[in-house]
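This report refers to the structure that appears directly beneath it.
Every chain is numbered from 1 and lettered A, B, ... according to where its sequence line falls, protein lines coming before strand lines.
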Amino acid sequence: MSRTDTPQRIRGTQDLFGEDARRHAKVVETFERVRRLYGFQPVEIPIFEATAVFARSIGETTDVVSKEMYSFEDKGGDSVTLRPEFTAGLARAYLGNGWQQYAPLKLATHGPVFRYERPQKGRYRQFHQIDAEVIGAAEPAADVELLVMADQLLRELGVSDGVTLQLNTLGDSATRDAWRQALVAHFEAHRGDLSEDSVARLDKNPLRILDSKDPRDRPIADAAPGIDEHMSSEAGAFFAAVTKGLDAAGVAWTRNARLVRGLDYYRHTAFEFVTDRLGAQGTVLGGGRYDGLIETLGGPHTPAVGWAAGIERLAMLIEEPIAQGLGIAVIAEDRQLETSALAFVTALRRAGVNSELFASGNPKKRYDKAMRSNPAHTISLSHREGVNGVAQRSLRPQDLDLEKVRSIVDPLIFALPQSAA
RNA sequence: GCGACCGUAGCUCAGUUGGUUAGAGCGCCGGUUUGUGGUACCGGAGGUCGCGGGUUCAAGACCCGUCGGUCGCCCCA
């Protein structure tokens with residue numbers, strides 16, 4: 001196969017076709033519908049940005065920036081990066097276009113994002129996300145609205161059954177700092193019993209030890225101090241308002257005090273909708289409040305909250321969407337009738353009737369080929385014993401307006417020459 | 001970056017402890033049959049068995065490397 005030099009698909013990219021493409025489209029269509037219900041405005045931003053947009057917002061030194069971004073120099077020598085997420089680009093657009101005047105601004109978008117990772121189940125280098133953000137809203141009501149929207153989306157996709165909303169708060173910066181210090185002290189005391197990975201995390205990202213999968217870490221992580229012991233009263237009140245809002249909206253949630261974010265700009269609410277049906281990749285939709293982000297891009301302090309979900313992961317969870325069946329199969333069972341059949345199918349399509357022409361290959365096999373496409377109705381042009389004829393057959397009459405079909409087709413049948421052309 | 005498993009027609013897969021010219025089903029193309037009929041039959045195209053080395057009288061089968069895929073670890077904005 002690779003004997004020829006046909007170029008290969010880049011590792012971690014996908015060609016979506018057939019069922020895969022239908023699943024993808026179903027997720028996007030559902031998101032678009034729900035997004036409108038909640039009044040989130042559509043927005044389109046570039047799929048690549050100056051590298052600084054992501055490097056500064058995420059943190060120059062993190063693994064994420066140094067190893068997992070698709071960065072390269074363009075012909076002018078500028079460093080550009082394929083977007084690894086939507087949030088930073090939206091924040092850049094918000095600042096650069098003066099969208100502060102519309103604050104609080106509810107935005108929704110979707111499209112490809114890129115991360116330089118080793119592909120595995122539910123993880124690709126180019127994958128696709130749906131994304132919703134509320135920029136310029138400090139109130140817990142914004143968090144609640146986003147979560148209720150996410151919940152409705154998952155319901156309408158029919159995936160909510162195996163999925164639970166895990167919720168946590170990271171507190172305000174004072175809370176977060178105090179908790180972090182307590183955690184580091186706790187883990188330092190048990191340094192010798194931690195896994196090698198977690199010893200490394202202790203220096204780089206101690207919060208991540210909390211959700212370590214290594215059994216050696218679990219007892220230590222489970223015994224770690226919780227954030228609630230360090231919660232400021234303001235932060236506690238904020239979280240209480242969020243949970244109260246979810247309860248009022250009837251959205252089920254569970255507290256996961258070990259749920260953290262890797263990046264420093266997150267504050268207060270952090271959440272993930274999680275399933276156990278996706279192997280190692282359990283998170284279906286995740287997000288949180290990022291009140292610190294916009295300042296890192298040189299803007300004024302701007303509270304904001306948002307979430308994103310991987311389309312591929314949702315597409316794997318939903319029921320298989322039924323393929324749109326063929327409306328009318330127009331079959332030329334004789335080579336001399338191919339142009340007439342083309343006239344039929346063209347007239348039907350111009351009138352808005354989904355139809356397909358079967359006029360190639362062995363004429364005697366065209367009918368069988370047409371039947372395999374599962375048409376609602378067939379119109380077959382044939383020539384037998386010197387006479388042209390049109391035969392019709394309805395297999396799923398309920399799927400078509402046969403009255404309309406007749407009005408389009410009857411004149412063409414009438415005009416068909418009686419005998420061979 | 002690390003690890004495990006997997007690579008045979010367009011697709012799904014056979015291929016016996018290494019042993020002549022590598023097979024099937026589906027799909028595709030041509031033909032016959034049927035003639036309101038998703039039928040049946042005949043024929044055809046399509047593979048240097050991912051690629052490169054090695055072992056052997058002999059490799060699709062064994063060994064090494066490489067590329068690709070899948071799953072997991074790390075990471076997860």
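Listed nucleotides: B/U33, B/C75, B/G31. Nearest to the side chain of A/Lys364: B/U33.
In this structure, A/Leu170 atom CG and B/A77 atom P are separated by 11 Å, rounded to whole Å. In this entry the distance linking CD of A/Glu196 with P of B/C75 reads 12 Å, nearest Å. In this structure, the CZ atom of A/Phe127 is 14 Å from the P atom of B/C76, given to the nearest Å. Remark: P of B/C75 and CE of A/Met69 are 18 Å apart, rounded to the nearest angstrom. Atoms NZ (A/Lys365) and P (B/C26) sit 12 Å apart, rounded to a whole Å. Distance, A/Gln129 CD to B/A77 C1': 9 Å, rounded to whole Å. Computed from coordinates, the A/Asp334 CG to B/G35 P distance equals 18 Å when rounded to whole Å. Note: CZ (A/Arg125) to P (B/C76) measures 17 Å, nearest angstrom.
Mapping A/Ser360 and A/Phe54 onto RNA chain B via the closest heavy atom, the residue that lands nearer the 5' end is A/Ser360.
To the nearest whole angstrom, the two P atoms, one in B/U20 and one in B/A59, are 12 Å apart. Distance check on atom P: B/G15 versus B/A24 gives 15 Å, rounded to whole Å. Only the P atoms considered, B/C63 is 23 Å distant from B/G69, to the nearest whole Å. Spacing of C1' atoms, B/A22 relative to B/G3, comes out at 34 Å, to the nearest Å. Taking the C1' atom of each, B/G23 and B/G60 are spaced 12 Å apart, rounded to whole Å. Between B/G50 and B/C6, the two P atoms lie 14 Å apart (nearest whole Å). Going from the P atom of B/G44 to that of B/G53 covers 34 Å, rounded to whole Å. For the P atom pair drawn from B/U8 and B/C49, the interatomic distance equals 12 Å after rounding to whole Å.
Only one option out of A/Leu314, A/Ile130, A/Leu157, A/Ile311 pairs with A/Phe31 in a side chain to side chain contact (heavy atoms under 4.5 Å, CB included); it is A/Ile130. Put simply, the residue from A/Leu402, A/Ile328, A/Val409, A/Thr378 that forms a side chain to side chain contact (heavy atoms under 4.5 Å, CB included) with A/Gln392 is A/Val409. Among A/Arg393, A/Arg372, A/Glu333, the single residue meeting the side chain to side chain donor-acceptor pair (under 3.5 Å) criterion with A/Tyr367 is A/Arg393.
Between A/Leu165 and A/Leu285 there is no side-chain heavy-atom pair separated by less than 4.5 Å.
At least one side-chain nitrogen or oxygen of A/Arg201 sits closer than 4.0 Å to the OP1 or OP2 atom of B/C75. At the phosphate of B/U32, neither OP1 nor OP2 sits under 4.0 Å from any side-chain N or O atom of A/Asn362.
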Show the distances under 3.5 angstrom between N or O atoms of the protein and N or O atoms of nucleotides 36-38 of chain B.
residue	atom	partner	partner atom	Å
B/G37	N7	A/Tyr367	OH	2.9
B/G37	O6	A/Tyr367	OH	3.4
B/G37	N2	A/Arg384	NH2	2.7

For nucleotides 65-72 of chain B, give me every protein contact, N/O to N/O, under 3.5 Å, one pair per line with atom names.
residue	atom	partner	partner atom	Å
B/G68	OP2	A/Arg11	NH2	3.1
B/G69	OP2	A/Arg11	NH1	3.2
B/C71	OP2	A/Lys121	N	3.1
B/G72	OP1	A/Ala280	N	2.8
B/G72	OP2	A/Lys121	N	3.3
B/G72	N7	A/Gln120	OE1	3.4

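A/Arg261 places no side-chain N or O within 3.5 Å of a backbone atom of A/Ala270 that could act as its donor or acceptor partner. Under a 3.5 Å cut-off, the side chain of A/Arg176 and the backbone N or O of A/Tyr266 do form a donor-acceptor pair. Here the side chain of A/Asp131 pairs no donor or acceptor atom with the backbone of A/Ala308 at under 3.5 angstrom.
A/Lys369 comes within contact range of the sugar-phosphate backbone alone, with a heavy-atom separation under 4.0 Å but no base atom that close. Looking at heavy-atom distances under 4.0 Å, A/Gly286 makes no contact with the nucleic acid at all. At the heavy-atom level, A/Tyr266 lies under 4.0 Å from the strands shown only through sugar-phosphate atoms. Nucleic acid contact for A/Asp197: sugar-phosphate only, since backbone atoms but no base atoms lie under 4.0 Å from a heavy atom of the residue.
Side chain to side chain, A/Glu133 and A/Tyr94 fail the donor-acceptor criterion of an N or O pair below 3.5 Å. Side-chain polar atoms of A/Gln14 and A/Glu312 form a donor-acceptor pair below 3.5 angstrom. Side-chain atoms of A/Arg396 and A/Asn374 form a donor-acceptor pair, as typed in the model, at a separation below 3.5 Å.
Ring geometry, A/His190 versus A/His186: the interplanar angle falls from 30° to 60°, so the pair is classed tilted.
Both key distances under 3.5 Å define a Watson-Crick or G-U pair, and stretches of 3 or more such consecutive pairs in RNA chain B run B:1-7 with B:67-73, B:10-13 with B:23-26, B:28-32 with B:40-44, B:50-54 with B:62-66.
Remark: the A/Arg123 side chain and the B/C75 base include a donor-acceptor N/O pair separated by less than 3.5 Å.
Separation of atoms CZ (A/Phe344) and CG (A/Leu337) is listed at 9.0 Å; rounding is to 0.5 Å.
Ring centroids of A/His128 and A/His110 are separated by 6.0 Å or more, keeping the two rings apart.
Using a cut-off of 4.0 Å between Lys/Arg side-chain N and Asp/Glu carboxylate O, A/Arg349 and A/Glu356 are scored as salt-bridged.
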